[in-house]
Amino acid sequence: MLDIAFIRENSALVKQGMLNKGEKDNSAVDKAIAKDEEWRNLVTKLDKLRADSNTKAKKIGELMGQGKKEDAQKIIKETSKSKEDIKNLEQEISTVREELDNLLYRIPNVPDESVPVGKTEENNEVFSTWGEPGKKDWRKPHWDIAAEKNWIDFDRGSKVTGAGFPFYLGKMAKLQRALINFFIDEASEAGYLEMQTPYFINENSARGTGQIPDKEDMMYEIQRDEFFLIPTGEVPVTNFRRDEILSESDLPTKYAAHTPCWRREAGSYGKDVRGLNRLHQFDKVELVNIVHPEESDQELEALRDHAESLLKKLNLPYRTLLMCTGDMGFTQTKKYDLEVWSPGQERWLEVSSCSNFGSFQARRMQLRFKDGSGKIEMLHTLNGSGLALPRVVAAILETYQTESGDVSVPDALQSYFKENVL
RNA sequence: GGAGAGAUGGCUGAGUGGUCGAAAGCGCUCCCCUGCUAAGGGAGUAUACCCCGAAAGGGGUAUCGAGGGUUCGAAUCCCUCUCUCUCCGCCA
(Lines give C-alpha, C1' and ligand atoms only; values in the text may rest on other atoms or scores of the structure.)
Protein backbone atom coordinates (compact mmCIF):
# COMPACT_ATOMS: atom_id res chain seq x y z
CA MET A 1 0.00 0.00 0.00
CA LEU A 2 0.98 3.60 -0.41
CA ASP A 3 1.75 5.93 2.45
CA ILE A 4 -1.29 8.05 3.28
CA ALA A 5 0.99 11.05 3.80
CA PHE A 6 2.35 10.53 0.29
CA ILE A 7 -1.18 10.28 -1.10
CA ARG A 8 -2.16 13.45 0.71
CA GLU A 9 0.73 15.38 -0.81
CA ASN A 10 0.61 13.81 -4.28
CA SER A 11 -3.06 13.14 -4.83
CA ALA A 12 -3.03 14.21 -8.48
CA LEU A 13 -0.14 11.90 -9.27
CA VAL A 14 -1.76 8.97 -7.49
CA LYS A 15 -5.08 9.55 -9.24
CA GLN A 16 -3.46 9.74 -12.65
CA GLY A 17 -1.46 6.61 -11.90
CA MET A 18 -4.68 4.79 -11.09
CA LEU A 19 -6.26 5.81 -14.37
CA ASN A 20 -3.12 4.84 -16.27
CA LYS A 21 -3.21 1.41 -14.68
CA GLY A 22 -6.69 1.00 -16.08
CA GLU A 23 -8.80 1.63 -12.99
CA LYS A 24 -12.01 3.30 -14.07
CA ASP A 25 -12.76 4.80 -10.70
CA ASN A 26 -10.10 6.68 -8.77
CA SER A 27 -12.41 8.19 -6.19
CA ALA A 28 -10.73 6.03 -3.53
CA VAL A 29 -7.97 8.63 -3.39
CA ASP A 30 -10.18 11.52 -2.30
CA LYS A 31 -12.17 9.23 -0.06
CA ALA A 32 -8.99 8.04 1.64
CA ILE A 33 -7.79 11.60 2.19
CA ALA A 34 -11.11 12.55 3.78
CA LYS A 35 -11.21 9.37 5.85
CA ASP A 36 -7.68 10.00 7.04
CA GLU A 37 -8.62 13.49 8.18
CA GLU A 38 -11.59 12.09 10.05
CA TRP A 39 -9.41 9.42 11.61
CA ARG A 40 -6.78 11.91 12.75
CA ASN A 41 -9.35 14.17 14.35
CA LEU A 42 -10.79 11.28 16.28
CA VAL A 43 -7.35 10.11 17.39
CA THR A 44 -6.51 13.55 18.69
CA LYS A 45 -9.75 13.57 20.63
CA LEU A 46 -9.13 10.14 22.07
CA ASP A 47 -5.55 10.92 23.04
CA LYS A 48 -6.76 13.92 25.02
CA LEU A 49 -9.41 11.90 26.81
CA ARG A 50 -6.90 9.24 27.71
CA ALA A 51 -4.36 11.79 28.87
CA ASP A 52 -6.99 13.21 31.21
CA SER A 53 -7.95 9.79 32.50
CA ASN A 54 -4.30 8.86 33.04
CA THR A 55 -3.73 12.01 35.07
CA LYS A 56 -6.72 11.18 37.26
CA ALA A 57 -5.65 7.58 37.75
CA LYS A 58 -2.25 8.78 38.86
CA LYS A 59 -3.83 11.20 41.30
CA ILE A 60 -5.94 8.39 42.73
CA GLY A 61 -2.82 6.34 43.22
CA GLU A 62 -1.19 9.20 45.10
CA LEU A 63 -4.20 9.80 47.32
CA MET A 64 -4.53 6.11 48.11
CA GLY A 65 -0.87 6.07 49.02
CA GLN A 66 -1.47 8.91 51.44
CA GLY A 67 -4.50 7.18 52.88
CA LYS A 68 -6.96 9.84 51.66
CA LYS A 69 -9.56 7.34 50.59
CA GLU A 70 -12.51 9.71 50.41
CA ASP A 71 -10.74 12.18 48.14
CA ALA A 72 -9.76 9.31 45.91
CA GLN A 73 -13.30 8.00 45.82
CA LYS A 74 -14.51 11.38 44.58
CA ILE A 75 -12.21 11.27 41.57
CA ILE A 76 -13.12 7.68 40.81
CA LYS A 77 -16.72 8.75 40.43
CA GLU A 78 -15.74 11.48 37.97
CA THR A 79 -13.82 9.08 35.78
CA SER A 80 -16.63 6.63 35.14
CA LYS A 81 -18.22 8.90 32.53
CA SER A 82 -15.04 9.49 30.57
CA LYS A 83 -14.46 5.75 30.62
CA GLU A 84 -17.63 5.33 28.66
CA ASP A 85 -16.63 8.07 26.22
CA ILE A 86 -13.26 6.45 25.67
CA LYS A 87 -14.81 3.11 24.88
CA ASN A 88 -17.23 4.58 22.35
CA LEU A 89 -14.51 6.61 20.72
CA GLU A 90 -12.23 3.60 20.46
CA GLN A 91 -15.00 1.71 18.74
CA GLU A 92 -15.59 4.54 16.32
CA ILE A 93 -11.89 4.91 15.55
CA SER A 94 -11.40 1.27 14.79
CA THR A 95 -14.33 1.38 12.36
CA VAL A 96 -12.98 4.49 10.64
CA ARG A 97 -9.49 3.00 10.52
CA GLU A 98 -10.81 -0.13 8.90
CA GLU A 99 -12.60 1.92 6.29
CA LEU A 100 -9.44 3.89 5.66
CA ASP A 101 -7.33 0.75 5.29
CA ASN A 102 -9.85 -0.74 2.89
CA LEU A 103 -9.54 2.36 0.75
CA LEU A 104 -5.75 2.28 0.93
CA TYR A 105 -5.67 -1.37 -0.08
CA ARG A 106 -7.55 -0.40 -3.24
CA ILE A 107 -5.07 2.24 -4.38
CA PRO A 108 -2.38 0.76 -6.64
CA ASN A 109 1.27 1.63 -6.71
CA VAL A 110 2.19 4.62 -8.87
CA PRO A 111 3.90 3.70 -12.16
CA ASP A 112 7.41 4.98 -12.68
CA GLU A 113 7.83 7.90 -15.10
CA SER A 114 9.74 5.70 -17.51
CA VAL A 115 6.80 3.32 -17.96
CA PRO A 116 4.82 3.74 -21.19
CA VAL A 117 1.20 4.70 -20.66
CA GLY A 118 -1.15 2.22 -22.27
CA LYS A 119 -4.20 0.07 -21.80
CA THR A 120 -3.42 -3.45 -22.95
CA GLU A 121 -0.53 -5.71 -23.86
CA GLU A 122 -0.59 -4.07 -27.30
CA ASN A 123 0.99 -1.04 -25.66
CA ASN A 124 3.91 -2.88 -24.10
CA GLU A 125 7.25 -1.77 -25.49
CA VAL A 126 9.72 -4.21 -26.92
CA PHE A 127 12.74 -3.26 -24.85
CA SER A 128 15.17 -5.58 -26.60
CA THR A 129 15.31 -8.72 -28.71
CA TRP A 130 18.11 -11.27 -28.60
CA GLY A 131 18.80 -14.07 -31.05
CA GLU A 132 16.96 -15.11 -34.18
CA PRO A 133 13.43 -16.47 -33.59
CA GLY A 134 13.47 -19.74 -35.57
CA LYS A 135 10.82 -20.88 -38.06
CA LYS A 136 8.61 -23.89 -37.45
CA ASP A 137 9.40 -25.73 -40.71
CA TRP A 138 9.86 -29.37 -39.70
CA ARG A 139 9.87 -28.53 -36.00
CA LYS A 140 7.30 -30.02 -33.68
CA PRO A 141 5.73 -28.43 -30.62
CA HIS A 142 7.24 -29.69 -27.39
CA TRP A 143 4.19 -31.77 -26.43
CA ASP A 144 4.65 -33.93 -29.49
CA ILE A 145 8.33 -34.44 -28.77
CA ALA A 146 7.63 -35.19 -25.11
CA ALA A 147 4.92 -37.68 -26.05
CA GLU A 148 7.12 -39.51 -28.58
CA LYS A 149 9.94 -39.87 -26.10
CA ASN A 150 7.65 -40.58 -23.17
CA TRP A 151 9.16 -37.72 -21.21
CA ILE A 152 6.07 -36.08 -19.82
CA ASP A 153 2.95 -37.94 -18.69
CA PHE A 154 -0.01 -35.60 -18.60
CA ASP A 155 -2.62 -38.37 -18.52
CA ARG A 156 -1.34 -40.07 -15.43
CA GLY A 157 -0.88 -36.65 -13.84
CA SER A 158 -4.59 -36.08 -14.43
CA LYS A 159 -5.39 -39.45 -12.95
CA VAL A 160 -3.29 -38.94 -9.85
CA THR A 161 -4.11 -35.30 -9.22
CA GLY A 162 -5.82 -33.43 -12.04
CA ALA A 163 -5.19 -31.51 -15.23
CA GLY A 164 -2.11 -29.35 -15.11
CA PHE A 165 -0.14 -31.63 -12.79
CA PRO A 166 2.12 -33.64 -15.11
CA PHE A 167 4.75 -36.25 -14.30
CA TYR A 168 8.21 -35.67 -15.76
CA LEU A 169 10.03 -38.87 -16.59
CA GLY A 170 13.64 -39.89 -17.06
CA LYS A 171 15.64 -37.32 -18.96
CA MET A 172 12.97 -34.71 -18.57
CA ALA A 173 13.14 -34.93 -14.80
CA LYS A 174 16.91 -34.83 -15.07
CA LEU A 175 16.81 -31.84 -17.39
CA GLN A 176 14.77 -29.89 -14.86
CA ARG A 177 17.15 -30.86 -12.10
CA ALA A 178 20.04 -29.60 -14.24
CA LEU A 179 18.25 -26.33 -14.97
CA ILE A 180 17.53 -25.74 -11.30
CA ASN A 181 21.16 -26.26 -10.40
CA PHE A 182 22.31 -24.06 -13.25
CA PHE A 183 19.95 -21.23 -12.27
CA ILE A 184 20.82 -21.40 -8.59
CA ASP A 185 24.55 -21.48 -9.28
CA GLU A 186 24.25 -18.46 -11.54
CA ALA A 187 22.32 -16.61 -8.85
CA SER A 188 24.89 -17.45 -6.18
CA GLU A 189 27.56 -16.18 -8.52
CA ALA A 190 25.62 -12.91 -8.80
CA GLY A 191 25.53 -12.46 -5.04
CA TYR A 192 22.22 -14.05 -4.12
CA LEU A 193 21.97 -16.13 -0.97
CA GLU A 194 20.51 -19.51 -1.80
CA MET A 195 17.62 -20.56 0.40
CA GLN A 196 15.02 -23.25 0.73
CA THR A 197 11.67 -22.06 1.94
CA PRO A 198 8.37 -23.32 3.28
CA TYR A 199 5.90 -24.12 0.54
CA PHE A 200 2.89 -23.16 2.64
CA ILE A 201 2.30 -19.64 3.86
CA ASN A 202 -0.08 -18.09 6.34
CA GLU A 203 -2.50 -15.27 5.77
CA ASN A 204 -0.17 -12.52 7.01
CA SER A 205 2.47 -13.48 4.49
CA ALA A 206 -0.08 -13.50 1.69
CA ARG A 207 -1.11 -10.03 2.76
CA GLY A 208 2.50 -8.88 2.95
CA THR A 209 3.22 -9.53 -0.70
CA GLY A 210 -0.24 -8.53 -1.86
CA GLN A 211 -1.96 -11.80 -2.78
CA ILE A 212 -4.54 -10.80 -0.20
CA PRO A 213 -6.88 -8.99 -0.52
CA ASP A 214 -8.41 -9.62 -3.95
CA LYS A 215 -6.07 -12.22 -5.41
CA GLU A 216 -6.66 -15.12 -3.03
CA ASP A 217 -8.45 -16.92 -5.86
CA MET A 218 -5.13 -17.61 -7.55
CA MET A 219 -3.95 -19.71 -4.60
CA TYR A 220 -4.76 -23.18 -3.39
CA GLU A 221 -5.89 -23.17 0.18
CA ILE A 222 -5.50 -25.65 3.00
CA GLN A 223 -8.49 -24.63 5.05
CA ARG A 224 -8.07 -27.00 7.94
CA ASP A 225 -4.74 -25.49 8.93
CA GLU A 226 -5.27 -22.02 7.44
CA PHE A 227 -2.42 -22.16 4.95
CA PHE A 228 -2.09 -21.29 1.31
CA LEU A 229 0.16 -23.14 -1.13
CA ILE A 230 2.68 -20.66 -2.45
CA PRO A 231 1.78 -19.30 -5.89
CA THR A 232 5.41 -18.16 -6.21
CA GLY A 233 8.60 -18.27 -4.17
CA GLU A 234 8.28 -14.50 -3.88
CA VAL A 235 5.89 -14.91 -0.98
CA PRO A 236 8.02 -16.89 1.49
CA VAL A 237 11.27 -15.25 0.40
CA THR A 238 10.11 -11.65 0.65
CA ASN A 239 8.23 -12.30 3.88
CA PHE A 240 11.38 -13.83 5.35
CA ARG A 241 12.29 -10.33 6.54
CA ARG A 242 8.79 -9.11 7.33
CA ASP A 243 8.55 -6.83 10.39
CA GLU A 244 12.30 -6.29 10.53
CA ILE A 245 14.50 -3.25 10.67
CA LEU A 246 17.69 -3.91 8.74
CA SER A 247 20.85 -1.90 9.17
CA GLU A 248 22.15 -0.02 6.21
CA SER A 249 25.21 -2.26 6.03
CA ASP A 250 22.93 -5.26 5.31
CA LEU A 251 21.93 -3.74 2.00
CA PRO A 252 21.43 -4.90 -0.61
CA THR A 253 20.04 -8.22 0.61
CA LYS A 254 19.45 -10.74 -2.15
CA TYR A 255 17.88 -14.19 -1.96
CA ALA A 256 17.43 -16.94 -4.50
CA ALA A 257 15.14 -19.89 -3.96
CA HIS A 258 13.97 -22.81 -6.01
CA THR A 259 10.38 -23.69 -5.19
CA PRO A 260 7.41 -25.32 -6.76
CA CYS A 261 4.59 -22.89 -7.46
CA TRP A 262 0.90 -23.70 -7.34
CA ARG A 263 -1.65 -21.64 -9.18
CA ARG A 264 -5.31 -22.32 -9.68
CA GLU A 265 -5.32 -20.53 -13.05
CA ALA A 266 -9.09 -20.43 -13.09
CA GLY A 267 -10.47 -19.50 -16.49
CA SER A 268 -7.50 -20.47 -18.64
CA TYR A 269 -8.20 -22.58 -21.70
CA GLY A 270 -7.21 -23.50 -25.25
CA LYS A 271 -3.72 -23.14 -26.66
CA ASP A 272 -2.60 -21.29 -23.53
CA VAL A 273 -2.78 -24.48 -21.50
CA ARG A 274 -1.48 -26.89 -24.10
CA GLY A 275 1.58 -28.88 -23.04
CA LEU A 276 3.80 -26.99 -20.64
CA ASN A 277 2.41 -23.56 -21.50
CA ARG A 278 0.38 -23.21 -18.33
CA LEU A 279 0.32 -25.62 -15.41
CA HIS A 280 -1.17 -25.74 -11.94
CA GLN A 281 2.19 -26.79 -10.51
CA PHE A 282 5.57 -25.79 -11.84
CA ASP A 283 9.09 -25.16 -10.60
CA LYS A 284 10.77 -21.81 -10.56
CA VAL A 285 13.86 -20.11 -9.24
CA GLU A 286 12.85 -16.82 -7.70
CA LEU A 287 15.15 -13.88 -7.05
CA VAL A 288 14.32 -11.28 -4.43
CA ASN A 289 16.21 -8.05 -3.77
CA ILE A 290 15.75 -5.89 -0.71
CA VAL A 291 17.47 -2.61 -1.39
CA HIS A 292 18.01 1.00 -0.39
CA PRO A 293 15.23 3.21 -1.83
CA GLU A 294 17.71 5.10 -3.95
CA GLU A 295 18.99 1.94 -5.54
CA SER A 296 15.87 0.17 -6.69
CA ASP A 297 15.89 1.67 -10.18
CA GLN A 298 19.35 0.40 -11.02
CA GLU A 299 18.71 -2.88 -9.20
CA LEU A 300 15.78 -3.56 -11.49
CA GLU A 301 18.05 -3.20 -14.51
CA ALA A 302 20.63 -5.47 -12.89
CA LEU A 303 17.93 -8.03 -12.11
CA ARG A 304 16.69 -7.94 -15.70
CA ASP A 305 20.25 -8.27 -16.99
CA HIS A 306 20.78 -11.29 -14.79
CA ALA A 307 17.58 -13.02 -15.93
CA GLU A 308 18.45 -12.25 -19.55
CA SER A 309 21.94 -13.65 -19.12
CA LEU A 310 20.42 -17.04 -18.28
CA LEU A 311 18.58 -17.20 -21.60
CA LYS A 312 21.71 -16.02 -23.41
CA LYS A 313 23.78 -18.75 -21.80
CA LEU A 314 21.16 -21.30 -22.81
CA ASN A 315 21.27 -19.77 -26.27
CA LEU A 316 17.52 -19.36 -26.44
CA PRO A 317 16.20 -16.42 -28.49
CA TYR A 318 14.07 -14.10 -26.40
CA ARG A 319 12.69 -10.62 -26.17
CA THR A 320 12.23 -8.29 -23.26
CA LEU A 321 9.10 -6.22 -22.88
CA LEU A 322 8.71 -3.10 -20.84
CA MET A 323 5.18 -3.46 -19.58
CA CYS A 324 2.83 -0.53 -20.07
CA THR A 325 0.84 0.97 -17.21
CA GLY A 326 -2.31 -0.97 -18.04
CA ASP A 327 -0.62 -4.38 -18.19
CA MET A 328 1.79 -4.19 -15.28
CA GLY A 329 -0.24 -5.00 -12.23
CA PHE A 330 -1.37 -3.40 -9.02
CA THR A 331 1.74 -3.48 -6.88
CA GLN A 332 4.56 -2.61 -9.30
CA THR A 333 6.14 0.68 -10.24
CA LYS A 334 7.87 -0.89 -13.23
CA LYS A 335 8.02 -4.34 -14.75
CA TYR A 336 9.87 -6.18 -17.47
CA ASP A 337 8.71 -9.47 -18.93
CA LEU A 338 11.15 -11.84 -20.57
CA GLU A 339 9.66 -13.99 -23.30
CA VAL A 340 11.47 -16.93 -24.78
CA TRP A 341 10.83 -17.93 -28.38
CA SER A 342 8.98 -21.17 -28.93
CA PRO A 343 9.79 -22.17 -32.52
CA GLY A 344 7.50 -25.22 -32.46
CA GLN A 345 4.54 -23.00 -31.65
CA GLU A 346 5.90 -19.85 -33.26
CA ARG A 347 5.01 -17.75 -30.26
CA TRP A 348 6.64 -16.00 -27.34
CA LEU A 349 6.34 -17.55 -23.89
CA GLU A 350 6.80 -15.57 -20.71
CA VAL A 351 9.55 -17.09 -18.55
CA SER A 352 10.37 -14.23 -16.23
CA SER A 353 8.85 -11.12 -14.87
CA CYS A 354 11.15 -8.64 -13.14
CA SER A 355 9.44 -6.04 -11.01
CA ASN A 356 10.21 -3.08 -8.81
CA PHE A 357 7.69 -2.59 -6.03
CA GLY A 358 9.21 0.52 -4.53
CA SER A 359 8.12 0.67 -0.90
CA PHE A 360 4.66 -0.73 -1.66
CA GLN A 361 5.28 -4.26 -0.38
CA ALA A 362 7.71 -3.06 2.28
CA ARG A 363 5.06 -0.84 3.82
CA ARG A 364 2.61 -3.71 4.07
CA MET A 365 5.33 -5.86 5.58
CA GLN A 366 6.87 -3.17 7.78
CA LEU A 367 10.22 -4.00 6.22
CA ARG A 368 12.49 -1.10 7.09
CA PHE A 369 16.07 -0.04 7.59
CA LYS A 370 17.95 2.34 9.82
CA ASP A 371 20.30 4.70 8.04
CA GLY A 372 23.58 6.10 9.37
CA SER A 373 21.86 8.93 11.21
CA GLY A 374 19.42 6.57 12.91
CA LYS A 375 16.45 7.46 10.75
CA ILE A 376 14.10 4.61 9.93
CA GLU A 377 12.75 4.30 6.43
CA MET A 378 10.92 1.81 4.27
CA LEU A 379 13.06 -0.38 2.05
CA HIS A 380 12.38 -1.14 -1.57
CA THR A 381 11.71 -4.66 -2.79
CA LEU A 382 12.15 -6.22 -6.20
CA ASN A 383 11.74 -9.67 -7.56
CA GLY A 384 12.12 -11.62 -10.72
CA SER A 385 12.07 -15.17 -11.95
CA GLY A 386 15.40 -16.59 -12.78
CA LEU A 387 13.71 -18.53 -14.38
CA ALA A 388 10.39 -20.40 -14.51
CA LEU A 389 11.09 -23.95 -15.64
CA PRO A 390 8.34 -25.40 -17.85
CA ARG A 391 8.42 -22.87 -20.64
CA VAL A 392 12.19 -22.89 -20.66
CA VAL A 393 11.96 -26.66 -21.00
CA ALA A 394 9.46 -26.22 -23.83
CA ALA A 395 11.78 -23.78 -25.60
CA ILE A 396 14.77 -26.09 -25.16
CA LEU A 397 12.89 -29.07 -26.60
CA GLU A 398 11.70 -27.09 -29.58
CA THR A 399 14.89 -25.12 -30.20
CA TYR A 400 17.36 -27.96 -29.70
CA GLN A 401 15.43 -30.64 -31.57
CA THR A 402 17.18 -32.10 -34.59
CA GLU A 403 15.53 -33.17 -37.80
CA SER A 404 16.23 -36.78 -36.89
CA GLY A 405 14.02 -36.38 -33.82
CA ASP A 406 16.59 -36.08 -31.06
CA VAL A 407 17.13 -33.18 -28.73
CA SER A 408 20.62 -31.98 -27.84
CA VAL A 409 21.60 -30.48 -24.52
CA PRO A 410 22.49 -26.77 -24.40
CA ASP A 411 26.22 -26.23 -23.80
CA ALA A 412 25.62 -24.39 -20.55
CA LEU A 413 23.84 -27.42 -19.12
CA GLN A 414 26.27 -30.10 -20.19
CA SER A 415 28.35 -29.93 -17.05
CA TYR A 416 25.15 -30.44 -15.08
CA PHE A 417 23.52 -32.98 -17.36
CA LYS A 418 26.71 -34.90 -18.15
CA GLU A 419 25.41 -35.99 -21.53
CA ASN A 420 24.97 -33.99 -24.70
CA VAL A 421 21.80 -35.60 -26.00
CA LEU A 422 18.57 -35.89 -24.12
C1' G B 1 -1.51 -36.40 19.84
C1' G B 2 -0.87 -36.27 25.78
C1' A B 3 1.41 -33.70 30.25
C1' G B 4 4.04 -29.57 32.13
C1' A B 5 6.92 -24.80 31.91
C1' G B 6 7.51 -20.27 29.63
C1' A B 7 7.16 -15.60 26.17
C1' U B 8 9.62 -8.47 29.17
C1' G B 9 13.86 -3.41 25.28
C1' G B 10 19.79 -5.27 20.43
C1' C B 11 21.02 -9.49 24.14
C1' U B 12 20.85 -11.59 29.39
C1' G B 13 17.38 -10.77 33.03
C1' A B 14 14.43 -8.26 37.45
C1' G B 15 9.61 -6.84 38.16
C1' U B 16 2.72 -10.33 40.98
C1' G B 17 -2.33 -4.09 40.78
C1' G B 18 -0.58 2.65 41.40
C1' U B 19 4.81 7.69 40.33
C1' C B 20 6.95 1.11 35.32
C1' G B 21 8.26 2.37 28.71
C1' A B 22 9.97 -0.69 32.55
C1' A B 23 15.81 -2.24 37.57
C1' A B 24 20.57 -4.29 36.74
C1' G B 25 24.27 -6.23 33.59
C1' C B 26 26.13 -6.84 28.60
C1' G B 27 26.43 -4.64 23.86
C1' C B 28 26.41 -0.10 21.00
C1' U B 29 27.14 5.59 20.33
C1' C B 30 29.25 10.13 22.06
C1' C B 31 32.28 12.81 25.63
C1' C B 32 36.09 13.01 29.46
C1' C B 33 40.29 11.02 32.06
C1' U B 34 44.48 8.05 31.70
C1' G B 35 48.44 6.61 28.82
C1' C B 36 51.45 1.66 27.15
C1' U B 37 47.53 -1.84 24.76
C1' A B 38 44.16 -2.84 28.78
C1' A B 39 41.32 -0.20 32.05
C1' G B 40 38.40 4.17 34.66
C1' G B 41 34.38 8.12 34.80
C1' G B 42 29.96 10.48 32.59
C1' A B 43 25.85 10.92 29.15
C1' G B 44 22.80 8.61 25.66
C1' U B 45 20.70 4.15 23.49
C1' A B 46 12.71 0.78 21.35
C1' U B 47 8.61 1.40 17.85
C1' A B 48 4.17 3.51 15.89
C1' C B 49 0.74 7.32 15.76
C1' C B 50 -1.54 12.26 17.01
C1' C B 51 -1.06 17.62 18.20
C1' C B 52 1.91 22.37 18.27
C1' G B 53 6.21 24.38 15.44
C1' A B 54 9.20 27.00 9.26
C1' A B 55 12.74 24.14 11.81
C1' A B 56 15.34 22.84 16.08
C1' G B 57 12.34 21.00 19.37
C1' G B 58 8.15 20.42 22.64
C1' G B 59 3.53 18.01 24.34
C1' G B 60 0.41 13.61 24.22
C1' U B 61 -1.29 8.43 23.27
C1' A B 62 -0.40 3.30 22.52
C1' U B 63 2.76 -0.97 22.73
C1' C B 64 6.16 -5.89 28.16
C1' G B 65 4.05 -12.74 22.26
C1' A B 66 -1.30 -11.51 19.89
C1' G B 67 -6.44 -10.49 20.81
C1' G B 68 -10.33 -9.76 24.35
C1' G B 69 -11.95 -8.90 29.63
C1' U B 70 -11.84 -7.15 35.04
C1' U B 71 -10.31 -2.24 37.37
C1' C B 72 -10.37 4.73 38.53
C1' G B 73 -5.50 2.31 37.29
C1' A B 74 -2.66 -4.00 34.34
C1' A B 75 4.00 -6.21 32.40
C1' U B 76 1.46 -7.88 37.00
C1' C B 77 -5.41 -10.70 37.68
C1' C B 78 -9.05 -13.61 34.15
C1' C B 79 -10.28 -15.81 29.10
C1' U B 80 -8.90 -17.22 23.99
C1' C B 81 -5.09 -17.88 20.48
C1' U B 82 0.04 -18.24 18.66
C1' C B 83 4.93 -19.54 19.43
C1' U B 84 9.18 -21.67 22.31
C1' C B 85 11.20 -25.29 25.74
C1' U B 86 11.03 -30.18 28.64
C1' C B 87 9.00 -35.17 29.10
C1' C B 88 5.91 -39.13 26.76
C1' G B 89 3.93 -41.02 22.08
C1' C B 90 4.67 -41.13 16.77
C1' C B 91 7.88 -40.50 12.71
C1' A B 92 11.38 -39.05 7.34
Side-chain angles (χ1 to χ4, degrees), chain A residues 1-9 32-105 196-208 212 222-228 236 239-251 253 260 359 361-379:
Chain A
M1 62 157 88
L2 290 171
D3 182 7
I4 182 64
F6 176 85
I7 294 173
R8 224 185 288 146
E9 281 153 34
I33 291 171
K35 205 40 102 175
D36 170 57
E37 172 124 36
E38 185 185 350
W39 177 80
R40 281 184 293 133
N41 287 337
L42 291 172
V43 165
T44 305
K45 216 163 127 190
L46 175 67
D47 282 357
K48 281 183 182 151
L49 278 179
R50 288 214 268 227
D52 183 56
S53 136
N54 285 345
T55 313
K56 282 180 178 151
K58 242 171 226 177
K59 189 84 193 222
I60 291 164
E62 263 170 52
L63 292 172
M64 297 290 244
Q66 293 163 10
K68 299 180 181 168
K69 283 218 166 151
E70 273 117 67
D71 293 349
Q73 210 56 43
K74 232 186 269 170
I75 304 178
I76 289 174
K77 269 189 193 137
E78 282 176 34
T79 51
S80 51
K81 189 197 172 312
S82 73
K83 237 193 116 181
E84 194 73 9
D85 291 347
I86 287 173
K87 217 165 221 177
N88 291 337
L89 203 48
E90 279 172 344
Q91 190 55 52
E92 193 179 352
I93 285 176
S94 89
T95 307
V96 169
R97 182 71 227 188
E98 209 172 297
E99 289 165 358
L100 173 58
D101 284 339
N102 285 338
L103 288 165
L104 290 177
Y105 275 129
Q196 292 187 328
T197 76
Y199 298 155
F200 303 164
I201 44 145
N202 58 31
E203 192 184 318
N204 280 340
S205 296
R207 193 174 299 280
I212 290 180
I222 299 171
Q223 282 186 343
R224 181 183 166 122
D225 296 293
E226 299 187 303
F227 293 132
F228 296 98
N239 277 284
F240 181 62
R241 293 291 207 144
R242 169 152 54 83
D243 291 322
E244 290 190 31
I245 298 175
L246 311 199
S247 70
E248 203 166 3
S249 58
D250 290 335
L251 304 177
T253 295
S359 59
Q361 284 184 331
R363 187 162 298 103
R364 283 191 183 195
M365 280 191 287
Q366 289 298 298
L367 173 51
R368 295 167 291 171
F369 78 106
K370 194 178 263 191
D371 72 13
S373 64
K375 217 179 107 201
I376 288 172
E377 254 187 276
M378 292 298 164
L379 286 157

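Just so we're on the same page: letters track the sequence lines, and every chain starts at 1.
- Using a 4.0 Å cut-off, some side-chain N or O of A/R40 falls inside it from OP1 or OP2 of B/rC51.
- Between A/K59 and B/rG73, a side-chain N or O to OP1/OP2 separation shorter than 4.0 Å is absent.
- Residue contacts for A/R368: at a heavy-atom cut-off of 4.0 Å it reaches the sugar-phosphate backbone alone, with no base atom in range.
- Stem list for RNA chain B (at least 3 consecutive Watson-Crick or G-U pairs, distances under 3.5 Å): B:1-7 with B:82-88, B:10-12 with B:24-26, B:27-32 with B:40-45, B:46-52 with B:57-63, B:65-69 with B:77-81.
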Begin from the C-alpha positions of A/K87 and A/E90 and carry the test salt bridge (charged side-chain N to carboxylate O under 4.0 Å, His left out) through to its verdict.
CA-CA 5 Å; A/K87 217 165 221 177; A/E90 279 172 344; over 6 Å; no
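- Nucleotides B/rA24 and B/rU45 place their C1' atoms 16 Å apart, quoted to the nearest Å.
- The residue A/K74 sits apart from the nucleic acid: no heavy atom pair falls under 4.0 Å.
- Under the 4.0 Å criterion applied to side-chain N and carboxylate O atoms, A/D52 and A/K56 are assigned as salt-bridge partners.
- Between the CG atom of A/L104 and the P atom of B/rC49 there is a distance of 13 Å, rounded to whole Å.
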Between the protein and nucleotides 56-66 of chain B, which nitrogen or oxygen pairs are less than 3.5 angstrom apart?
unit_1, atom_1, unit_2, atom_2, d
B/rG60, N2, A/D47, OD2, 3.1
B/rU61, OP1, A/N54, ND2, 3.2
B/rU61, O2', A/D47, OD1, 3.2
B/rU61, O2', A/R50, NE, 3.3
B/rU61, O2', A/R50, NH2, 3.4
B/rA62, OP2, A/N54, ND2, 3.4

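- Counting to the nearest Å, the P atom of B/rG68 and the NZ atom of A/K87 are 12 Å from each other.
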So which protein N/O to nucleotides 18-23 of chain B N/O distances come out below 3.5 Å?
unit_1, atom_1, unit_2, atom_2, d
B/rG18, N2, A/A57, O, 2.8

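- A distance of about 41 Å separates the C1' atoms of B/rU86 and B/rG44, rounded to the whole Å.
- The interatomic distance linking A/E84 (CD) with B/rU71 (P) rounds to 12 Å, in whole Å.
- A/L63 places its CG atom 16 Å from the P atom of B/rG73, with the value rounded to the nearest Å.
- Rounded to an integer number of Å, the gap from A/E203 CD to B/rC81 C1' is 14 Å.
- As rounded to the nearest Å, B/rG21 and B/rA14 have C1' atoms that lie 15 Å from one another.
- Separation of the C1' atoms belonging to B/rU34 and B/rA48 is 44 Å when rounded to the nearest angstrom.
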With salt bridge (charged side-chain N to carboxylate O under 4.0 Å, His left out) as the test, would you mind laying out the steps for A/E62 and A/K58 before giving the verdict?
CA-CA 6 Å; A/E62 263 170 52; A/K58 242 171 226 177; over 6 Å; no
